[in-house]
Amino acid sequence: MDLLSKKITFRHALAQWYAKAQRPLPWRTQPSLYRTVVSELMAQQTQIKTMLPYFERWMRRFPNFTALAEASSEDVLKHWEGLGYYSRARNLHKLAQQYIAAESKPRTQAAWQALPGIGPYTSAAISSIALGEAAAVVDGNVVRILARLNDDARVFKNNGEAVKAFTTTADALLDTANPGQHNQAMMELGATLCLKHKPLCTVCPVATFCAAKRNGTQDARPKIERKASIKIEINRAWVLQGDKLLLHRIAENSSQLAGQYELPTLEAVSAKTSKRRLLASRSRAITHRRIKEHIYQTKPKRTLDHSIEWIAVRDLPRITLSGPHRRWINELMSMHNSVAGTQ
DNA sequence: AAAGCGGGGTA
DNA sequence: TACCCAGCTTT
């Protein structure tokens with residue numbers, strides 16, 4: 001392959017650029033195995049800029065594997081609140097407990113991938129960055145860069161197919177003497193210059209290796225098919241009596257959102273015949289689903305499911321809610337208070 | 001192989 | 001609005 005025949009000079013150009021252009025991220029300026037692990041879990045499907053404040057707060061509360069392993073699930077989940085993909089927090093918690101308990105600590109990509117929440121990407125990242133193993137990472141950034149370097153016109157069914165297709169090339173391109181630096185340099189290039197829209201090719205350190213730049217096809221690479229979006233509507237109940245709010249608690253053994261609270265659905269709380277008043281409508285998107293949620297003020301049914309709980313308003317800061325639910329409750333609570341205050 | 005997961009940023 | 005982001009797990 002054309003690119004691989006020049007891989008030595010490519011690696012050098014990339015490394016020279018990364019040495020001076022890299023962002024001073026906290027897990028780079030003060031590296032450790034633990035900080036690498038936490039940063040990688042937090043960065044899954046999440047932009048660095050978004051997770052950065054969470055990382056700093058996390059490190060103050062859980063500075064090492066031991067502190068995290070000994071923390072309660074509630075405490076761990078609370079510090080993840082708003083970041084999304086909450087199974088990452090539960091997996092990271094379990095991982096810390098397994099790591100502390102392990103007689104022999106994991107030291108290879110294969111050993112790391114056996115831990116909860118660690119897949120091919122994250123195991124390669126941890127083992128290369130923190131342990132010096134020659135494992136190439138292939139994330140969205142690397143896919144984009146390699147597709148452009150080769151001006152690859154193939155159409156991939158989804159991101160997973162694209163990752164598989166570029167794994168061989170990524171492995172061959174890896175600087176095995178400095179795998180951690182090389183991997184981070186590739187991702188840094190994708191995050192700061194080889195952008196999805198309007199890549200900054202004029203300042204790219206490896207532009208001379210890039211077939212897409214030569215052909216002017218940057219914006220069309222890579223080609224990955226998208227799922228059609230689905231529209232969903234959900235009705236939720238706002239039941240505030242005295243100083244207590246009715247919330248739905250998701251079971252601890254649920255595979256998703258375990259232990260989190262949310263505004264209950266209207267059907268779960270309110271009899272069909274009871275009066276209701278629309279307080280607010282909000283839209284949000286979860287991957288390819290577009291969800292519209294309507295929140296109604298209503299009265300509760302006589303008998304409620306055990307998963308529906310009265311939560312004192314003063315306890316709201318202590319429980320874990322998803323970002324949108326936290327925001328809606330704050331909005332509705334201040335609406336309520338302002339109305340009450342004028343009476 | 002495909003679906004599900006969350007939220008924020010951006011054009 | 002639609003798509004993307006340092007992906008993994010479950011079905």
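Here the structure is a predicted model, which is why all the values come from computation and not from measurement.
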Can any side-chain N or O of [X] pair as donor or acceptor with the backbone N or O of [Y] at less than 3.5 Å?
X	Y	answer
Arg144(A)	Gly190(A)	yes
Arg88(A)	Gly117(A)	no
His248(A)	Glu262(A)	no

Any Tyr54(A) side-chain N or O less than 4.0 Å from OP1/OP2 of dG7(B)
no
* Any Lys164(A) side-chain nitrogen or oxygen under 4.0 Å from OP1 or OP2 of dA1(B) -> yes
By the 4.0 Å heavy-atom rule, please label [X] as base, sugar-phosphate, or nothing.
X	value
Trp80(A)	nothing
Arg326(A)	nothing
Thr122(A)	sugar-phosphate
Ile48(A)	base
Gly160(A)	nothing
Ile224(A)	nothing
Lys49(A)	sugar-phosphate

How many Å lie between [atom1] on [X] and [atom2] on [N], as a whole number?
X	N	atom1	atom2	value
Leu41(A)	dC5(B)	CG	C1'	15 Å
Tyr85(A)	dC4(C)	OH	P	13 Å
Leu52(A)	dG8(B)	CG	C1'	14 Å
Gln47(A)	dG7(C)	CD	P	10 Å
Trp328(A)	dG6(B)	CH2	C1'	11 Å
Ile118(A)	dG7(C)	CD1	P	13 Å
Leu83(A)	dG8(B)	CG	P	9 Å
Arg23(A)	dC5(C)	CZ	C1'	12 Å

Inset, instruction - Report the C-alpha distance between Tyr121(A) and Gln44(A) in whole Å, list the side-chain angles of each, state the deciding distance to 0.1 Å, and finish with yes or no for side-chain hydrogen bond (donor to acceptor under 3.5 Å, both in side chains). - result: CA-CA 9 Å; Tyr121(A) 163 78; Gln44(A) 288 172 2; over 6 Å; no
* Asked: So if you build clusters from Ile, Leu, Val, Met, Phe, Trp, Tyr with side-chain heavy-atom gaps below 4.5 Å, do Ile129(A) and Leu33(A) land together?
  -> no
Assert: residue with more 5' nearest nucleotide on DNA chain C, out of Glu40(A) and Gly117(A), is Glu40(A)
Assert: residue with more 5' nearest nucleotide on DNA chain C, out of His197(A) and Gln113(A), is His197(A)
Give a yes or no on whether Lys78(A) atom NZ has more than 12 heavy-atom contacts from other residues, nucleotides or ligands under 6.0 Å away. yes
[X] side chain: which of [options] is closest?
X	options	value
Arg327(A)	dG7(B), dG8(B), dG7(C)	dG8(B)
Gln44(A)	dC8(C), dC5(C), dA6(C)	dC8(C)
Arg144(A)	dC5(C), dA6(C), dG9(B)	dC5(C)

Quote, to the nearest angstrom, the [atom1] distance that separates [N] from [M].
N	M	atom1	value
dC3(C)	dA3(B)	P	16 Å
dC5(B)	dC4(C)	C1'	15 Å
dG8(B)	dC8(C)	P	22 Å
dA6(C)	dA11(B)	P	15 Å

When you measure only distances, ignoring hydrogens and angles, does the side chain of Thr46(A) come within 3.5 Å of the base of dG6(B) through a donor and an acceptor?
yes
Within residues 170-187 of chain A, those residues having any heavy atom closer than 4.0 Å to DNA chain C are Met187(A)
Whichever of Lys198(A) and Gln45(A) has the more 5' nearest nucleotide on DNA chain B, that residue is Gln45(A)
Per nearest nucleotide of DNA chain B, the residue lying toward the 5' end, Lys157(A) or Arg88(A), is Lys157(A)
Parallel, tilted or perpendicular: which one describes the rings of Phe65(A) and Tyr99(A), with boundaries at 30° and 60°? parallel
Sequence neighbours excluded, the answer for side chain to side chain contact (heavy atoms under 4.5 Å, CB included) partners of His12(A) is Gln16(A)
Please test Asp151(A) against Arg221(A) for salt bridge (charged side-chain N to carboxylate O under 4.0 Å, His left out), starting from the C-alpha separation and ending with a verdict. CA-CA 7 Å; Asp151(A) 195 17; Arg221(A) 305 287 181 263; 2.7 Å; yes
